[in-house]
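Reviewing the structure listed below.
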2 protein chains.
Amino acid sequence: MATLPLAQSPEAGVCCSPLTREPMSIADAERLAGILKAVADPARLRLLSIIASHDGGEACVCDLTEPLDLSQPTVSHHLKVLVEAGLVTREKRGRWAYYAVVPAALDALGGVLTTRHANAGDCC
Amino acid sequence: MATLPLAQSPEAGVCCSPLTREPMSIADAERLAGILKAVADPARLRLLSIIASHDGGEACVCDLTEPLDLSQPTVSHHLKVLVEAGLVTREKRGRWAYYAVVPAALDALGGVLTTRHANAGDCC
């Protein structure tokens with residue numbers, strides 16, 4: 001799973017904004033670009049939003065094909081990209097696979113781009 | 001200039017998270033994907049971070065070629081993509097062009113991805 005170039009996770013209550021704090025290293029920029037590429041696609045953004053707004057933040061793959069009007073293999077490909085980026089988890093239960101967003105991963109991604117991290121007490 | 005699919009700007013003190021709040025429309029997803037594609041590139045991420053961490057959050061194009069080890073036309077192309085996405089402004093002063101990040105645009109982009117928008121009072 002790809003990891004974000006955060007020195008400290010926002011889960012730890014620490015705000016960090018590598019993008020605007022200091023010049024980003026090549027390695028960090030390549031890692032972050034990889035994760036951003038996973039979300040920089042209309043079908044994957046719609047998948048994320050459909051999964052996240054589903055009951056319990058989880059959706060069966062059987063409920064994801066119709067709203068996107070894409071073939072099942074295409075939807076599966078997009079879901080695989082999101083899983084590999086660490087933005088979505090996949091769990092097989094019975095006949096179907098269930099997908100859930102990883103809020104901490106989205107928050108970390110959003111946090112890297114956001115400039116407003118004045119201090120750890122009043123942000124995020 | 002591209003605009004983010006935010007019903008209300010975070011500048012207005014309103015938090016919104018279209019990505020996880022409700023299924024995203026095709027038009028919003030295409031708009032957001034376009035802006036994310038602008039940042040989903042290692043060279044452009046490094047450019048953003050170099051400009052943002054420069055004195056006054058602004059950098060001369062003459063200071064941007066060497067740290068990236070890319071040709072001047074390549075750097076200019078990347079800067080044009082960032083300007084067209086509304087993430088960076090360009091101002092010609094004398095011989096050189098000066099680039100500055102647009103914090104509100106980065107904050108809006110980060111805010112769209114972030115899930116933690118419990119209410120307007122304690123977020124962002």
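Because only heavy atoms are used, hydrogens play no part in the values below, and waters and symmetry mates are left out as well, while side chains stay in. By convention in this document, chain letters (A, B, ...) are assigned in the order of the sequence lines, proteins followed by strands, and residues within each chain are numbered from 1. Given the structure is predicted, the values throughout are model-derived calculations rather than measurements.
- Atom CZ of A/R93 is surrounded by more than 12 heavy atoms from other residues, nucleotides or ligands within 6.0 Å.
- When all heavy atoms are compared, the tightest approach of B/R21 to A/S53 is O-CB, 3.7 Å.
- Counting only distance, with no hydrogens or angles, the side chain of B/D107 and the backbone of A/T115 share a donor-acceptor pair below 3.5 Å.
- Each of A/V102 and A/V88 belongs to its own hydrophobic cluster when Ile, Leu, Val, Met, Phe, Trp and Tyr are linked at side-chain heavy-atom distances under 4.5 angstrom.
- In this structure, A/E30 CD and B/R46 CZ are separated by 9.0 Å, a value rounded to the nearest 0.5 Å.
- Interface residue A/I26: backbone and side-chain heavy atoms are both found under 4.5 Å from chain B.
- Contact of the B/L19 side chain with the A/L106 side chain is registered, since non-hydrogen atoms from C-beta on lie closer than 4.5 Å.
- Neither the backbone nor the side chain of B/L68 comes within less than 4.5 Å of any heavy atom in chain A.
- Follow the hydrophobic side-chain contacts under 4.5 Å out from B/L47 and you reach B/L70 in the same cluster.
- Contact between A/G111 and B/T114 at its shortest, heavy atoms only, is N-OG1, 4.3 Å.
- The contact between B/V39 and chain A is made by backbone and side chain atoms together, counting heavy-atom distances below 4.5 Å.
- At a threshold of 4.5 Å between side-chain heavy atoms, the hydrophobic network of Ile, Leu, Val, Met, Phe, Trp and Tyr places B/V101 and B/V83 in one connected group.
- Residues B/L113 and A/L113 meet the side-chain proximity criterion, which asks for heavy atoms closer than 4.5 Å.
- Residues A/L45 and B/L36 have side chains in contact (heavy-atom distance under 4.5 Å, counting atoms from C-beta outward).
- Hydrophobic clustering (ILVMFWY, side-chain heavy atoms < 4.5 Å, transitive): B/Y98 and B/V61 are in one cluster.
- B/P42 approaches A/A29 most closely through the heavy-atom pair O-CB, 3.6 Å.
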